[in-house]
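Every chain is numbered from 1 and lettered A, B, ... according to where its sequence line falls, protein lines coming before strand lines. Every value quoted in this text rests on a predicted model; they were computed, and no experiment measured them. Scope of the values below: all heavy atoms of this structure, side chains included, with no hydrogens, waters or symmetry mates.
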Amino acid sequence: MPSPPSHVAPHPAPRPTPHPAPTGPAAGEPAISCRGLTRHFPGGTAVDHVDLDVAAGSVLALLGHNGAGKTTTIRLLDGVLAPHDGSATVLGLDPVRDGTALRRRTGVLTENAGLDDRLTARENLLATAAIRGLRGPSVQRRATDLLDRFGMGAHADQLCRGFSTGQRRRVAIARSLLHDPELLFLDEPTSGLDPAATLDVLALIAELARERGRTVVLCTHHLEEAGELADTMVVLEQGRVLVAGRPAELAAARWPGVGVTVDLGRPATATELELVAHLPRVTWATATPEGLEASVAGRDDVPALVAALAAGDRSVFGVATRTRGLVDVYFDVHEGRS
Amino acid sequence: MTAVAAPPTRPFRWSVVAAVLAKDLRATRRSKAVVVPMLVVPAVLLVGLPAGLGRFARASTPPDLSGIAAHLPAGIADRLAGLDARQQLLVLVLGYLVAPLFLIVPMMVSAALAADTFAGEKERRTLESLLHLPVEERELYVAKVLFAFLPAVGLSWTGFALFVVAADWVAWPVMGRLLLPTAEWTALIVVVAPAVAALGLGIMVRVSARAATTQEANQLGGAVIMPIILATVGQASGVLVLGVGWVLGVGAVVWLLALWLVRGGMRRFTRDAVAARL
């Protein structure tokens, strides 16, 4: 995880004085557990028998194409929608029976920032705080700190009407953090943000989970970001779970061994591919525009592969091992379906 | 867990209602498209028009009302008896004929604001964020009802106060006494006008929760509200003639109807139903 630029985030997320003391699950215990969660709409089934387990203090990447059921899943888990079948326990609560108590402890960044254009950035935060029962100087300080942290301090008292997409996003993120939630649902948190702000938000998510034990459910189309942050991943398609688990474990099960990319300055010839493929402990080899890509049983097998190629007076400009992860699993799962 | 599982009843929190209401009122106050018509229309209907009519009645050569008086309800005819033609015209116009306006305005204002409650939040894409907040459904519904009700009643009462001043200012030189307020008028404004406002929003909030846009809510709700407005126009003056008891009785009936509508709407309102239409 790259460090955020100092001019954007000089200090960690301000700590608030929320009214309910967190009584949620300890790190490692499930913050979210659902079985057979199902929700139908007149147009079809949006969430179809979804099982999820998310450990407290971890980051779950909830992935899928548009319409896969990610937003509906969040709404079900936060008690905004009621399931037609299945059950869920979130922070130890039933989202249907204890929705209000649950939402007091969750923070949600919706896909649309959801700010009232007729209010200022600060008013949007303080109005939400008031509805949450948080008032007084400490909340006002916290709102100011959060707006400062996300680079919106200078715009705090401007109406949101004129804000860019990125500015709105930053205010909305600040609003979702105002009450220091135990569980955060973030739908496309970096959408519309500039690179510096994107890094800051990613650093914040990592900090919230790793250092402060908050649980984060992250919906994003930016797979690289998800790959950096996620402890676990779930890929949804048409409301069903295609794959779920730890990205590294899922990748290892699909691609045993270590991926090696060799830069020859040109595509590898058929002879070269045959040479490599016949080396012991090489699983497969394929040509790339710059050379070849192969899979070996372990890192210790890489020198032998390079030596075999270099032995024939070939120029080897570079070698890199590649660890497959969330991005590869995501595309592999979808390619397998198409 | 199923969609039909009823959550346990929890204490109603007025502080949450006040917070939602304060947010909505603050935001609406900044919306010129809403505030300007909301102030101008009542100003014209409740103050400008009656004052203008009264001034015209005072200044022009009074028409002979004897022919009309024969066809007026006995109550009005009794009150016109013994007055000269100019006085008769002022009493007729300011005392009775403008009464429907004071019921139309609160209904119009409450219906317009009520149409904006949920449908407006959908249009502004703020509804989902609101649904993710720790607000009970009843609290949210009551906040939205009050958001439409309080400004409508406030405008109606303020308009009446200004109307009384304008009417008496116009009528004093002719009448030599205060024309308004009367007991009937006071009952109409204090009891019936808020009831009519509640009736309008009782319909419109329910429509707004189902509509996708404010325009759609206005169109759907308007089809129901318009006949009520027309009925109001026809009956308001007549009720004033019948006396305070009748005014209060009509007010009680409208209040019961309005409360039944609001209560029914609140019972049917669920977060799930609203979120399913997002």
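B:Thr270 does not touch chain A: none of its heavy atoms, backbone or side chain, sits under 4.5 Å away. For a residue to count as touching a neighbouring chain, one of its non-hydrogen atoms must lie under 4.5 Å from one of that chain's; by this rule B:Arg29 does not touch chain A. Residue contact with chain B, scored on non-hydrogen atoms closer than 4.5 Å, is absent for A:Ala101. If you measure heavy-atom distances from A:Leu159 to chain B, the contacts under 4.5 Å come from the side chain alone. For chain B, the nearby part of A:Thr71 is the side chain; its heavy atoms alone come within less than 4.5 Å. For A:Asp117, no part lies near chain B; criterion is any non-hydrogen pair under 4.5 Å. In this structure, the portion of A:Val108 lying under 4.5 Å from any heavy atom of chain B is its side chain and not its backbone.
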Quick one: side chains of residues 103-116 of chain B, donor-acceptor pairs under 3.5 Å with protein atoms, not counting sequence neighbours, listed by atom name and distance.
from: B:Ser110; atom 1: OG; to: B:Pro106; atom 2: O; distance (Å): 3.0
from: B:Ser110; atom 1: OG; to: B:Met107; atom 2: O; distance (Å): 3.1
from: B:Ser110; atom 1: OG; to: B:Ala197; atom 2: O; distance (Å): 2.9
from: B:Asp116; atom 1: OD1; to: B:Arg124; atom 2: NH1; distance (Å): 3.3

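No more than 12 heavy atoms of other residues, nucleotides or ligands lie within 6.0 Å of CZ in B:Arg268, so this atom counts as exposed by the packing criterion. Taking a 6.0 Å sphere around CD of B:Gln215, one finds it holds 12 or fewer heavy atoms contributed by other residues, nucleotides or ligands.
Ion pairing between B:Glu136 and A:Arg103 fails under the 4.0 Å rule for side-chain N and carboxylate O. A salt bridge links A:Arg39 and B:Asp272; the closest N-O separation between the charged side-chain nitrogens and carboxylate oxygens is under 4.0 Å. Using a 4.0 Å cut-off between a side-chain N of Lys or Arg and a carboxylate O of Asp or Glu, B:Lys23 and A:Glu123 do not qualify as a salt bridge.
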For this session: Quick one: do B:Glu128 and A:Asn112 satisfy side chain to side chain contact (heavy atoms under 4.5 Å, CB included)? Show the steps, please.
Result: CA-CA 9 Å; B:Glu128 186 173 6; A:Asn112 298 303; 5.5 Å; no
For this session: Apply the test salt bridge (charged side-chain N to carboxylate O under 4.0 Å, His left out) to residues B:Arg125 and A:Glu111: give CA-CA distance (whole Å), side-chain angles for both, the deciding distance (0.1 Å), then the verdict.
Result: CA-CA 10 Å; B:Arg125 297 182 162 191; A:Glu111 193 174 356; over 6 Å; no
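Distance CG/B:Leu140 to CD1/A:Ile131: 8.5 Å, rounded to 0.5 Å. Rounded to the nearest 0.5 angstrom, B:His132 NE2 and A:Leu102 CG are separated by 10.5 Å.
Counting only heavy atoms from C-beta outward, the side chains of A:Leu115 and B:Thr126 never approach each other to under 4.5 Å. For the pair A:Arg75/B:Leu278, a side-chain contact is recorded, criterion being any heavy-atom separation below 4.5 Å from C-beta on.
Contact record, B:Ala276 with A:Leu81: N-CD2, 3.8 Å, taken as the closest heavy-atom pair. A:Thr100 approaches B:Pro134 most closely through the heavy-atom pair O-CB, 3.4 Å. In terms of heavy-atom proximity, A:Val80 sits nearest to B:Leu131 at CG2-O, 3.5 Å.
Side chains of B:Ser129 and A:Arg175: a donor on one and an acceptor on the other come within 3.5 Å.
Between chain A and the options B:Ala273, B:Ala19, B:Ala18, B:Ala22, the largest number of non-hydrogen pairs under 4.5 Å is found for B:Ala19.
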